[in-house]
2 protein chains.
Amino acid sequence: MATMHDVARLARVSVSTVSYVLTGARPISQATRDKVLAAMEELHYQPNAMARGLASRRSRILGLLMPMDERGLGATETAFVTGAAAAASAAGYHLVLSPVGGGDLDDLRRLATQRMLDGVVLMEVQLADERVTVLQEADVPLVLIGRTGDTSGLSYVDIDFEQTVREAVGHLVGLGHRRIVYVNHSAATLATGYGPALRTRDAFVSAMTDHGLEPVMIAAEDSAAGGRAALAAAFAQAPELTAVLAMNETAIFGILGELTGRGLSVPDDVSVVSMVTSPQVAELATPALTAMTSPGSALGRIAIEALLRHLDGPGGARHQQLLPCALEIRGSTAAPRSRQLMGADK
Amino acid sequence: MATMHDVARLARVSVSTVSYVLTGARPISQATRDKVLAAMEELHYQPNAMARGLASRRSRILGLLMPMDERGLGATETAFVTGAAAAASAAGYHLVLSPVGGGDLDDLRRLATQRMLDGVVLMEVQLADERVTVLQEADVPLVLIGRTGDTSGLSYVDIDFEQTVREAVGHLVGLGHRRIVYVNHSAATLATGYGPALRTRDAFVSAMTDHGLEPVMIAAEDSAAGGRAALAAAFAQAPELTAVLAMNETAIFGILGELTGRGLSVPDDVSVVSMVTSPQVAELATPALTAMTSPGSALGRIAIEALLRHLDGPGGARHQQLLPCALEIRGSTAAPRSRQLMGADK
DNA sequence: CCGCTTCGTCGAAACGCTTCGACGCCGATT
DNA sequence: AATCGGCGTCGAAGCGTTTCGACGAAGCGG
């Protein structure tokens with residue numbers, strides 16, 4: 001492997017000159033530059049990332065820390081990653097994903113403190129998240145996806161759940177629905193302080209109240225069976241329901257299955273809206289689901305851009321931004337039929 | 001940030017002694033070791049990864065290169081990643097995922113040649129894959145998931161598709177099915193040299209032939225609509241079919257939907273087996289799918305272990321290994337009813 | 001035509017660690 | 001008693017860059 005020395009020797013210049021050609025930190029004449037570039041070409045020279053990082057105290061590597069549970073990454077998370085990777089790459093940075101689970105806080109600390117990462121984007125932030133504390137103590141530039149309860153002094157990008165729920169409810173109410181059930185994540189998930197679940201819950205209550213409607217909410221396990229059970233519970237609690245708004249992407253297939261099982265048709269008997277769902281998943285269902293599509297790739301891009309800004313101007317202001325999901329109307333919503341317009345026929 | 005120098009000074013030993021305590025490269029007396037460890041503790045010392053890497057010419061970082069398309073990572077890939085991460089972590093290595101798309105070959109070369117990665121695991125390998133060539137030229141220790149057409153001189157771990165298909169077909173034939181249709185990925189995907197699709201296709205032909213049955217195969221786009229269309233085509237080609245074996249995890253929901261749409265019940269009228277499918281996805285369907293479950297986490301672990309072996313003994317033999325998927329019987333398969341036992345009633 | 005920038009280049013000193021050769025010490029071997 | 005080999009430790013030489021101060025050569029206004 002050729003080093004800078006070899007290049008310098010071949011081009012008959014000093015090592016520092018080669019470095020300046022590479023980094024542009026000082027002006028170099030065209031003639032010299034050409035000589036150096038030719039030498040690099042000839043030797044297939046590639047700078048050694050470690051040496052560079054050591055000397056400049058910048059690795060040009062950004063970390064994207066994502067807990068990897070067995071669920072896998074949906075299209076939403078993937079869009080997020082690709083958006084972030086593209087933005088990093090455009091700025092000349094590498095983006096590496098590190099699958100840090102919740103348990104290995106020490107691992108996290110080590111990773112952050114070894115000065116291998118110039119900055120870090122943390123995904124799936126909980127309302128009370130120790131990882132944030134660890135990262136702040138390690139003094140590494142940090143941007144969150146999602147937010148903790150107390151966001152003072154933190155930079156984050158997150159989905160505007162308030163707005164998203166309002167829009168979803170608005171869509172259903174606009175179609176004529178009055179009895180709308182909200183299917184959230186499980187009670188256990190809520191208890192862990194999972195922000196999206198809690199925020200959408202509050203947003204749902206307030207949106208429904210604003211329309212003068214009563215909010216009905218059900219918790220569902222993250223599984224098809226959980227969705228089934230939730231729908232049963234929903235009918236027990238509100239027999240005349242005509243629409244379901246579901247936060248739980250995993251449970252939604254169970255909900256649809258159970259609806260079919262009860263001889264109810266979507267969207268004629270019951271309308272279904274899926275929250276924070278990718279088009280890919282929405283199209284899997286029959287009929288395709290009307291859904292609130294998350295701005296995945298934009299979130300990723302914005303997070304990285306904010307992070308890069310922190311690297312340049314360390315004293316800069318925090319970046320705090322919310323993006324709503326977009327309503328995409330597909331086949332699972334329609335005006336309510338039976339119970340509303342024709343009486344309780346079914 | 002404290003350096004080794006600071007630790008050495010505080011512990012009143014030389015820098016090299018501190019280093020030996022850390023790496024264990026030479027014996028150090030218990031007394032000295034304790035002094036050093038105490039000093040480290042007091043200063044919150046953390047070794048600088050760059051400096052370490054530069055001096056030792058080992059980064060202790062392994063790369064997992066995965067193309068990220070918009071589809072997202074299924075539970076299968078996720079299991080793979082977590083298996084790999086666990087194995088790497090156990091050996092004191094970091095595992096970073098790098099989302100390298102197909103297009104950025106130069107990006108790949110740069111990544112591999114900058115000596116930041118001690119070794120690399122490459123996922124989603126095609127039969128003819130330029131990335132493999134690039135990585136080989138960069139002279140970086142390499143293990144593939146999947147295989148190229150010519151595997152000489154390469155290490156890989158892959159699914160034993162031959163065996164997996166044989167088992168799936170065996171299951172269906174054992175239940176009494178004779179007319180079995182195989183739904184593969186799209187013709188376009190086949191044309192790109194996507195190994196799993198090609199290998200399962202061949203395996204299906206040979207397995208069916210061994211049973212004295214005629215292999216019927218349909219290509220399906222990777223979407224629910226594709227699955228629908230494929231099922232229609234299947235019925236056109238083999239009206240008396242009683243079982244579907246599907247390689248296309250995305251299309252399977254379309255297949256199920258179309259089956260229901262035609263008034264056919266699963267598994268009573270038609271049995272369905274899904275290939276290389278995670279339990280999570282299998283449970284999404286109603287009824288839950290009988291599936292061939294991929295050995296995701298084991299694949300990841302084995303790949304990393306093989307890679308680590310390469311790092312230690314560079315001259316060592318190649319590691320080439322195939323693992324079959326496990327048959328998990330759920331609700332989507334049963335003995336054929338109507339057409340076989342009761343004549344063509346439906 | 002003289003001093004003064006500005007430009008382009010060089011040499012050397014970091015950056016924080018690993019690793020090699022050397023050395024003193026001590027107990028064991030002849 | 002002289003010799004030997006381990007053990008534990010030290011000092012110094014890298015690893016391949018970046019970056020800083022210095023310096024000669026032009027280019028400029030006066």
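Protein chains get the first letters and strands the later ones, always in sequence-line order, with residue 1 at the start of each. None of the values given here were measured: they were computed from a predicted structure.
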* Asked: What is the distance, rounded to the nearest whole Å, between atom CE of Met50(A) and atom P of dG16(C)?
  -> 16 Å
* To do: Ignoring the backbone of Tyr20(B), work out which of dC20(C), dG11(D), dC10(C) is nearest its side chain.
  => dC20(C)
* Minimum-distance nucleotide to Ser56(A) side chain [options: dC10(C), dC10(D), dT19(D)] -> dT19(D)
* To do: Answer with base, sugar-phosphate or nothing: what part of the nucleic acid does Val18(B) contact at a heavy-atom distance below 4.0 Å?
  => nothing
* To do: Look at the side chain of Thr23(B) and the backbone N and O of Ser19(B), then say whether any donor-acceptor pair between them is shorter than 3.5 Å.
  => yes
* Between dT17(D) atom P and Arg57(B) atom CZ, what is the distance in whole Å? -> 13 Å
* Asked: Do side-chain atoms of Asp34(B) reach the backbone of Ala31(B) as a donor and acceptor pair under 3.5 angstrom?
  -> no
* Could you check which of dT19(C), dG8(C), dC10(C) has an atom nearest any side-chain atom of Arg26(A)? => dC10(C)
* Below 4.0 angstrom from OP1 or OP2 of dT17(D), is there any side-chain N or O of Tyr45(A)? -> yes
* Asked: What is the distance, rounded to the nearest whole Å, between atom CE of Met4(B) and atom P of dC15(C)?
  -> 16 Å
* Choosing from dC10(D), dC15(C), dC15(D), which nucleotide comes nearest the side chain of Leu54(A)? -> dC15(C)
* When you check the side-chain N and O atoms of Gln46(A) and His44(A), is any donor under 3.5 Å from an acceptor? -> no
* **Short side-chain N/O contact to dG8(C) OP1/OP2 from Ser29(A), under 4.0 Å** => no
* Between CD of Gln136(B) and CG of Leu154(B), what distance do you get to the nearest 0.5 Å? -> 4.5 Å
* Would Arg58(B) and Asp118(B) pass as an ion pair if we require N to O under 4.0 Å? -> no
* **Rounded distance (Å) that lies between atom P of dG8(D) and atom NZ of Lys35(B)** => 14 Å
* Asked: In terms of side-chain heavy atoms of Pro27(A), which of dG21(C), dC7(C), dC17(C) is nearest?
  -> dC7(C)
* To do: Take atom CD of Gln46(B) and atom C1' of dC15(C), then tell me their distance rounded to the nearest Å.
  => 18 Å
* Structure fact -> Looking only at dG14(D), dT19(D), dT17(D), the nucleotide nearest the Asn48(A) side chain is dT17(D)
* To do: Would you mind telling me which of dG11(D), dG16(D), dC17(C) lies closest to the side-chain atoms of Ser16(B)?
  => dG11(D)
* For Arg52(A) and dT19(D), give me the distance from atom CZ to atom C1', rounded to whole Å. => 13 Å
* Do any side-chain nitrogens or oxygens of Thr3(A) fall under 4.0 Å of OP1 or OP2 in dG16(D)? -> no
* **Nearest-nucleotide pick for Ala55(A), side chain only, options being dT17(D), dC17(C), dG11(C)** => dT17(D)
* Interatomic distance where NE2 belongs to His5(B) and P belongs to dC10(D) [whole Å] -> 13 Å
* Asked: Counting side-chain heavy atoms from CB outward, which of dG21(D), dT18(C), dT17(D) is closest to Val15(B)?
  -> dT18(C)
* Mind calculating the distance between CE (Met40(A)) and P (dG16(D)) to the nearest angstrom? => 15 Å
* To do: Compare every heavy atom of Gly119(B) with every heavy atom of Leu307(B), then report the nearest pair and how far apart it is.
  => CD2-C, 3.7 Å
